[in-house]
Amino acid sequence: MTVREIQKLFPSESKEIFLDNGAATRKPLCVMEAMDGYYRLSCANVGRGSYRSAREAEAAVAACREKVKGFLTAEDGEELIFTLGATDGLNMLARGFTAQLRPGSNMVTTVAEHHSNLLPWMQACLKRGAQLRIARPIVHIDNAGNRIVSFSAEDILKLVDDQTALIAITACSNVTGTYMPVEAITQKAEEMGIPVVVDGAQLAAHKAVNFTALGCDAMCLSAHKLYGPTGLGILCAKRSFLDRLEPDDLGGGMVESLDLEHGAVTFREGHARFEAGSLPIAQIIGFSAALTCLERIGISNIRNAEKKLLCHLLDRLSAIEGIQCIYGGEDSAPVVSLTSDVMSSLDLASFCDARNIAVRAGKHCAHPFLDFLGEPATLRVSPCMYNTLEEIDIFADLLEHLQRRFRK
Amino acid sequence: MTVWEERLEPIMAQLDALTDELACFDYLVDCAGQAPWEFDEDLRKESNLVRGCDSRMWLEIGISKENSLLIRADSDSMLLRGLLMLVKKLYEGTQIPVSSQAGICLLDHPRLRDCFSAKQLKTIREICKRLESAL
């Protein structure tokens with residue numbers, strides 16, 4: 001499938017050149033149609049009624065659950081929980097795991113985490129007097145003077161000892177696109193009996209995910225970064241890990257039996273134990289359509305298209321005087337942070353916006369990582385499969401023009 | 001006409017004349033380039049950092065021997081520096097109590113609202129309020 005064919009699936013009315021896909025992707029038409037269809041034709045709650053529309057909605061939700069399991073190559077014994085987003089899933093895990101931390105124990109994470117995979121664990125450690133250990137990356141300078149940021153499994157595992165209760169890492173940095181050595185970490189962690197939680201929010205849109213092969217105990221995703229609607233996330237977890245967690249959100253749909261007199265409650269098993277209240281059904285149906293669309297395009301086509309975009313972006317940016325890129329190497333996800341020697345990243349983003357180019361400036365909800373890099377803020381460019389080389393050129397031309405203008 | 005109206009009027013007229021966002025950016029870049037900034041490196045300290053904005057912004061408010069308002073401000077954002085220059089033009093040197101309303105009126109100009117995020121404008125509004133309580 002060509003980029004033009006892919007673009008046809010995303011008929012946006014916006015004229016903006018959208019290069020902030022790390023925050024949220026645009027939605028294909030099929031997602032909007034599927035959600036619209038649900039609201040028009042079978043708008044009912046699930047797990048409550050036995051009438052036709054409720055049955056139809058229930059079947060659609062069950063079908064999506066299977067589709068996501070297929071997308072993540074999850075197996076039997078691995079549960080799929082619908083959340084509000086990756087942040088919600090990670091918070092759910094941290095709250096559920098807090099009781100297992102104790103004074104003297106520790107948790108291992110990295111400095112490159114998005115706040116959503118850092119703050120919940122930081123809070124859990126503080127509550128229980130546990131230590132949060134932070135792994136730092138290796139930074140190389142490439143021939144063009146750009147910074148390549150990578151993590152070694154060895155450096156992360158050096159922080160692990162017999163008091164480590166859990167490892168929480170991102171699979172892919174939202175600042176640099178760096179892929180983490182997740183498999184090497186989970187292998188060692190499994191030998192030591194330490195659970196591993198993975199923030200997969202930036203991973204799944206760019207790379208095929210095999211949850212079972214990754215070997216982690218839980219992984220969280222956001223549908224809106226995966227061409228699906230906002231307000232929906234996925235928490236995929238081994239059932240054995242989920243069984244160790246206490247559900248924190250309580251409400252309808254999760255109860256097997258409730259004895260008010262003795263204050264005893266038995267929760268349902270599996271995903272239902274963690275899905276309190278009504279599900280975001282329209283979003284689930286929309287996400288199902290997004291996954292069908294991704295299957296149709298094919299992950300290898302996506303990877304090829306994005307690799308070309310990343311290489312072209314790096315080539316163009318490296319040739320601009322005074323621009324330094326910070327990225328994860330040529331095999332990383334298509335996410336590049338950059339700094340200018342004459343303009344703040346927020347000014348650059350404002351000038352881009354005035355030219356109808358959407359890029360993100362700031363700390364990217366990763367303050368410790370930006371502090372580690374010694375940058376108050378960066379400009380992040382995150383193209384994806386529907387962007388074109390011409391769009392990259394328009395952005396790079398503007399950057400070149402601004403650098404020339406303000407370096408005088 | 002109050003002193004604030006007198007100071008505000010020419011700035012508002014210049015903003016009115018700007019045709020679009022890019023023209024406004026150019027105007028702010030020009031304002032940012034109006035020297036001298038008189039912002040020493042040692043003023044870029046943590047205690048002078050204005051919180052609440054993604055860009056870094058430093059502010060020190062002083063009173064001169066003549067009892068007039070001294071504003072030392074800077075930002076790592078050229079565009080915000082330009083905006084701070086407008087605020088300086090509006091308020092610096094005054095010996096009478098500052099009216100934050102004048103600054104708020106300036107920041108409400110549609111051209112500036114197009115150029116800055118709500119968060120950035122809120123931070124500058126806070127600066128105007130701090131100036132109000134300085135004299």
Side-chain angles (χ1 to χ4, degrees), chain A residues 14-17 20 22-23 114-115 174-175 322-324 337-371 373-380 394-395 397-399 401-408, chain B residues 15 18-35 37 39 41 43-46 48-59 73-86 107 109-124 127:
Chain A
S14 166
K15 297 273 179 267
E16 206 171 47
I17 294 176
D20 190 22
H114 187 282
H115 291 166
N174 70 313
V175 178
I323 293 292
Q324 188 189 46
S337 270
L338 64 91
T339 58
S340 153
D341 61 350
V342 283
M343 290 182 83
S344 78
S345 58
L346 283 120
D347 285 348
L348 286 174
S350 298
F351 276 100
C352 287
D353 179 40
R355 299 281 181 149
N356 242 352
I357 302 170
V359 281
R360 179 176 174 184
K363 288 180 182 286
H364 316 296
C365 303
H367 289 210
F369 196 19
L370 270 280
D371 290 345
L373 293 168
E375 300 296 343
T378 65
L379 187 78
R380 187 184 71 176
I394 293 169
F395 165 70
D397 288 346
L398 173 63
L399 209 58
H401 164 77
L402 291 171
Q403 282 294 108
R404 253 193 256 121
R405 180 176 163 192
F406 292 111
R407 286 189 110 224
K408 279 176 190 167
Chain B
L15 289 172
L18 302 173
T19 48
D20 60 14
E21 215 175 326
L22 275 174
C24 188
F25 284 160
D26 283 339
Y27 170 72
L28 289 167
V29 168
D30 284 346
C31 291
Q34 286 170 16
W37 267 93
F39 200 82
E41 275 305 309
L43 291 174
R44 288 172 208 270
K45 54 188 177 189
E46 194 69 17
N48 282 345
L49 212 51
V50 181
R51 303 275 166 201
C53 186
D54 286 334
S55 297
R56 283 183 304 173
M57 217 186 306
W58 298 268
L59 174 75
D74 200 5
S75 172
D76 57 5
S77 154
M78 208 175 338
L79 300 175
L80 277 173
R81 208 184 301 153
L83 188 54
L84 285 171
M85 191 67 189
L86 294 181
L107 298 170
H109 194 286
R111 202 46 84 205
L112 293 179
R113 283 211 312 261
D114 281 350
C115 290
F116 293 100
S117 69
K119 207 162 143 188
Q120 288 170 321
L121 289 175
K122 192 178 167 214
T123 313
I124 309 276
I127 288 179

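Side chains are part of it too, since the values below use all heavy atoms of this structure and drop only hydrogens, waters and symmetry mates. Here the structure is a predicted model, which is why all the values come from computation and not from measurement. Each chain gets a letter, A, B and so on, in the order its sequence line appears, and its residues count up from 1.
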Identify which part of A:Phe406 has an atom lying under 4.5 Å from any heavy atom of chain B, answering side chain, backbone, both or neither.
->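 Just the side chain, heavy atoms under 4.5 Å.
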
By side chain to side chain contact (heavy atoms under 4.5 Å, CB included) - contacts of A:Lys15 (at least two apart) |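 In terms of side chain to side chain contact (heavy atoms under 4.5 Å, CB included), with neighbours along the sequence ignored, A:Lys15 is linked to A:Asn356.
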
With a 4.5 Å heavy-atom cut-off (strictly below), which parts of residues 18-28 of chain B touch chain A? List them by number.
->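 Residues of residues 18-28 of chain B touching chain A at under 4.5 Å: B:Glu21, B:Leu22, B:Phe25, B:Asp26.
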
Considering only distance and modelled atom types, tabulate donor-acceptor pairs under 3.5 Å from the side chains of residues 363-371 of chain A, sequence neighbours left out.
unit_1	atom_1	unit_2	atom_2	d
A:Lys363	NZ	A:Pro376	O	3.2
A:His364	NE2	A:Gly362	O	3.2
A:His364	NE2	A:Thr378	O	3.2
A:His364	NE2	A:Thr378	OG1	2.7

Proximity of residues 338-350 of chain A to chain B, residues having a non-hydrogen atom under 4.5 angstrom =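 Near chain B, by residue number: A:Val342, A:Met343, A:Ser344, A:Leu346, A:Asp347, A:Ser350.
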
